[in-house]
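Okay, so here's the structure we're looking at.
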Amino acid sequence: MKTLKGLLMVVVLASLLLSACNQTQTATTVATKAPEVKPTEALPTPAPTVDPNAVQTGGTVIIGTPQEPSVLNPLLASSSIEDAIGSLIIEGLVQVDADGKYAAVLAEELPTVSDDGLVVTYKLRKGVKFSNGDPFTCADVQFTLDAILSDLSQVSTSGYSDIEKLECPDDYTVVLTYAEVYAPYLRLFSYILPRAAGDLAQLDSWDFNRNPIGTGPWMLKEWKAGDSMTLVKNPNYREAGKPYLDQLIVKILPSREVGMQALGNGEIHILWDLVEADFPALAQMKDKGVSYAGAVTGENELLLFNLADPAVDAPADPAANPHPILSDVRVREAIVLAIDKQLIVDTLLSGNVKVGTTVLPTGQFACPQPPTAYDVEKAKALLEEAGWKPGADGIREKDGKRMSLKITTTSGNKLREQTEQVLVEMLREVGIELVIENVPSDVLFAGWGSNGMRKHGAFDILLYTTGPGIDPDSHLYSNYHSDNIPTAENEGVGANYSRYINPDVDQWLDDAAVITNTEARRELYCKVAEQLNKDIPRAYLYERLLLSGYRVELQNLRVSPGPSDFTWGSQNWWLRK
Amino acid sequence: MKQLSPKKQDARRSLWQVFWHQFFKHRMAVVGAVTMVVIVILVVGAPLFTRYTPFKQDLRNRFDPPSSQHWMGTDDLGRDLWTRVLYGGRISLSVGLLSMAVAVVIGTVIGLVSGYFGGWVDAVFSRLTEIFLSVPRLFVLLVLTTFLRQAKIPGIQPGSFWPIALVIGALAWMSVARLVRGTTLAMREREFVQAARMIGATDGRILFRHILPNVSSPIIVAATLGLAGAIITESGLSYLGFGVQLPTPTWGNMLSNTQSQMLTAPWTAIFPGMMIFIVVIAINYLGDGLRDALDPHHVEK
Amino acid sequence: MADYLLRRFVQALFTLFVISIIIFALISSVPGGIMAAYEENPDMTQADRERIEAKYGLNKSVPERYLIWLGNLAKGDWGNSFVSKRPAIQEIADRLPNTLILMGVAFVVTLLIAIPLGVYSALRQYSFFDHVMTTIALAGQSLPVFWFGLLLIILFSVLLKQPNGAPLLPSSGMYTPGVERTFADLVRHLVLPVTMLALVSAAGYMRYMRSSMLEVIHQDYVRTARGKGLPEKTVIFRHALRNALIPIATLIGLDLPSLFGGALFTETIFAWPGIGRLYFDAALKTDYPVIMAVLMIFAALIILSMLLVDVVYTFLDPRISLS
């Protein structure tokens, strides 16, 4: 009798758990099956408020983030959330706006360039003050340049190190003279530090690092480590009457899942850093007053093929050490043909993104290409032609070699793990075996010195995201130019991990690097993009988005593909009561 | 084979009878044992109980709720969850058993030896135990599994669960060792040990014939907890992406991939979680029953 | 006694020294590290990377780095966080009180639940109460922690609401942001993480307490005491409980620092701004100075508590001598 009661307890507990889940499941299936959010055109950009009288001022907006910022000094920042939160306080001369274009912020207009491309002149806004009351002048630009080039800075110096001299003819004019043409000059000076920040030799111990002074709409009032940050209006902000809100609070959350709940409950107004995999959940929360804003980043989720032999350490020439399977372009083409990209997008991503077609999907340098076909029969034919014949278990073989490839991505990333498993099945259809072997992102992205697998070419296929972002110059050069194949000789410099060599591509890239004319550059980059789709060192699966969720009472939230992310235009935010 | 005298045979039979009598008295232990037998049959004979394979995807039917077609529903790639639970059990139970065995053997030997001999032996093993205890386990597990994944060990297939099970076991013996050492320490002062020593029994005999049986009950309790812990550790490792690699299912990696679906498709998280839950309860009851049945004090009662 | 303590102290220092070498070697052997963050940026030049590497001191060999770390530690300097640039010890000090609040409350609640229930279960072996308790204890132990935490959040922060529509209990953090900090607010935030910690660890303690008590009440001396006609209360509390607590003392001692390990999970799941969360973030960003400082302090705590266990042993069980 006693034991029966014990058993009863187990049953009761079990059925409690089961019934609890039954209730939720009926409610949710519908939403999962028929996501209401419509694709691509879809990134709803809230209509800018036309009638200024409609603006309701005051109130507090709470921003949720699963990652805590550690420093807000852009010279030391190492994560996107630090860039985004920092952008609430610190502004630059030119920044990337919500349309992915360069916009003058502290400059009155985009800088002018001399005909030879060597002299760049900025006109600065007059009457701008930092939050501590100091006026903003050319001297602050000089200070920022010095800071970037100083020993303790942790940012890239490309472009800045080409500046031969910086002159201040008056307080509001900056004249830069470059030693050589730096084509993506517009991306420089996206933040300005005040002279008052501190002594450059003491950069690491500046108060500024955790309590920055800027010209932006907000200033930091309080920072509770690990818990929250409170930002209040900058009294010296240049736009009268703005920001509309009184206060911003940045709240540290345990995870994105908890963040989604908090957003639905109204505990937070903005949730930073959603991913494409969150679309079904977002669709489901629509009736709870949750919406989302996004920006196309110009990056692709892609497959990176190793054209060289993975058994050889960092070979310089893939022709001398070819990959036993992937060096044949017919095999790579067959892999692309065997992948139903649209199915992946429609199912895993709820149809909310575009399939990947080109290395240059967006922005001023966009070079759209026709989507690749999904054609299993053609894929099989190509493999036959390349000499790979089906073996006993359906996996192809050639000269006793099994057509088995390893695929590696960052472990713990759910969407990537799903994609991998789908690819395993799709490629099995045509007789290719994929074996999943994932590693933590630090290991995957490790540098030359710490034996990074990409740098040393110890992989078959990698799955991750990369792309040119706003200006393709440095990305295309470092990822596809033969100078950038990491080897022992160059101490592992470069990101041409496919070890892809095409002299034409090298030439076009070299030519594009020394001109500043946008149209001429675009033509050259487009030739590169077309050639890449013929040579297939990488296969583009789908275009990535930068996504943030927000509550519909919050007006004017825009997402920029640049470092400011969802904080672009925060002075215009207001809450509908 | 040594011939036993009729009297000894009697004694042995009666001991077994007492054992079974005691065990069956603890009905939950019997329920636990039956549950485990059923689960082992289901898991070992997986293909007999499902018409799907654990890898067959159906992307157009992702997150189907439980139905007559898929009575546990489908997962994030439209695979039959029941099938994956069955096949996943194979790996989860194997990892659990193997790592528990490793932990108990190492822990018992170290605990016995250091508790019994004391002195410098105890000092050395205690330092070793301290070092193992003080190095954060999860962290070491992460580093070691990363290494094992890149190292090519001859005879072991890539993606095999053996290295993971061994590593979990090799880092879980400390609590068993401390427990056994503590009991042994108390035991070696007891009359029957003193008596055995007096009549000239060897250390080995005292340890394994006199002390070991008397420390077996904490070992059994610790082993059941260890088995449960190993299954849960595997799930934690898989959750962080360091466990058995997908698409091979384990209860751990099935469960841990579903956190964000807890609200939209709770069955994908509930069923693997329930399996761990049921198995661990069953094992623990089994352990309880064994302890009661093996405990000599109960016999006298 | 003083001799013994001194000897143990020296041993402890040696153990810590060995551990510091092991941990340092392990951390340094993980590929990637903080520099991996700079590999993805195509604008980073080789010179940039070398400059940053030198700034972190990562351009030196591992043994060299270890000696530098050890030398600084001898001067009381744990190094500065790679990420926030503040002293690692400062980062820890900022968060320690939060962890102590959470863990202290959870620990007390755990013991208050586990010991009485364990004893009572043992005394009423096989009763309905015993079965219910054993079932609950087993259930608690059988749940993967992160899964259980999520179930709690879904139940109390999503499904159950206050009359005004707000969630019944907050799912994360220590205080509600934007409003004044009150004790009541803190208590509300403590409920879920403490429940999770206490239920999971009380389950284990209760089982051990029950087994240990069962073990003891069948011992000769307890039966003798009973036989002598001592009142049941005296038998249980004076004789049985005291001896049954010995193995539990071991466990508690060993668990004191592992409570901080529990902090890792709990603080990560509930975004509690304590040391566990700090460690988790530092580990993600491979912030070596913070990782080393946290791990070494944990290790020292563990060793200290093990020493404490041995001392308590002699107090509880006079048959064991310290020599």
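Order of the sequence lines fixes the chain letters, A, B, ..., with proteins taken first and strands second; residue numbering starts at 1 for each chain. Only heavy atoms go into these numbers, but all of them, side chains included; no hydrogens, no water, no symmetry mates. Only a predicted model underlies this, so the values are computations on that prediction, with no experimental measurement involved.
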B:Tyr87: what forms a ring-ring contact (aromatic ring centres under 6.0 Å, His included) with it, not counting sequence neighbours?
-> none
Check the pair A:Tyr464, A:Phe445 against ring-ring contact (aromatic ring centres under 6.0 Å, His included), reporting the backbone distance first and the verdict last.
-> CA-CA 10 Å; A:Tyr464 65 94; A:Phe445 298 137; 5.4 Å; yes
Tell me, for B:Leu59 versus chain A, whether the close heavy atoms (under 4.5 Å) come from the side chain, the backbone, both or neither.
-> both
Does the side chain of B:Gln69 pick up a donor-acceptor pair with the side chain of B:Asp64 at under 3.5 Å?
-> no
Those residues that, when tested against A:Tyr374, pass ring-ring contact (aromatic ring centres under 6.0 Å, His included) (two or more places apart) | none
Side chain / backbone / both / neither for A:Leu348 at chain B, heavy atoms under 4.5 Å | both
Chain B contact via A:Asp346 - side chain, backbone, both or neither, heavy atoms under 4.5 Å = side chain
Chain B interface, residue from A:Leu343, A:Val422, A:Val424 that has the most non-hydrogen pairs under 4.5 Å = A:Val422
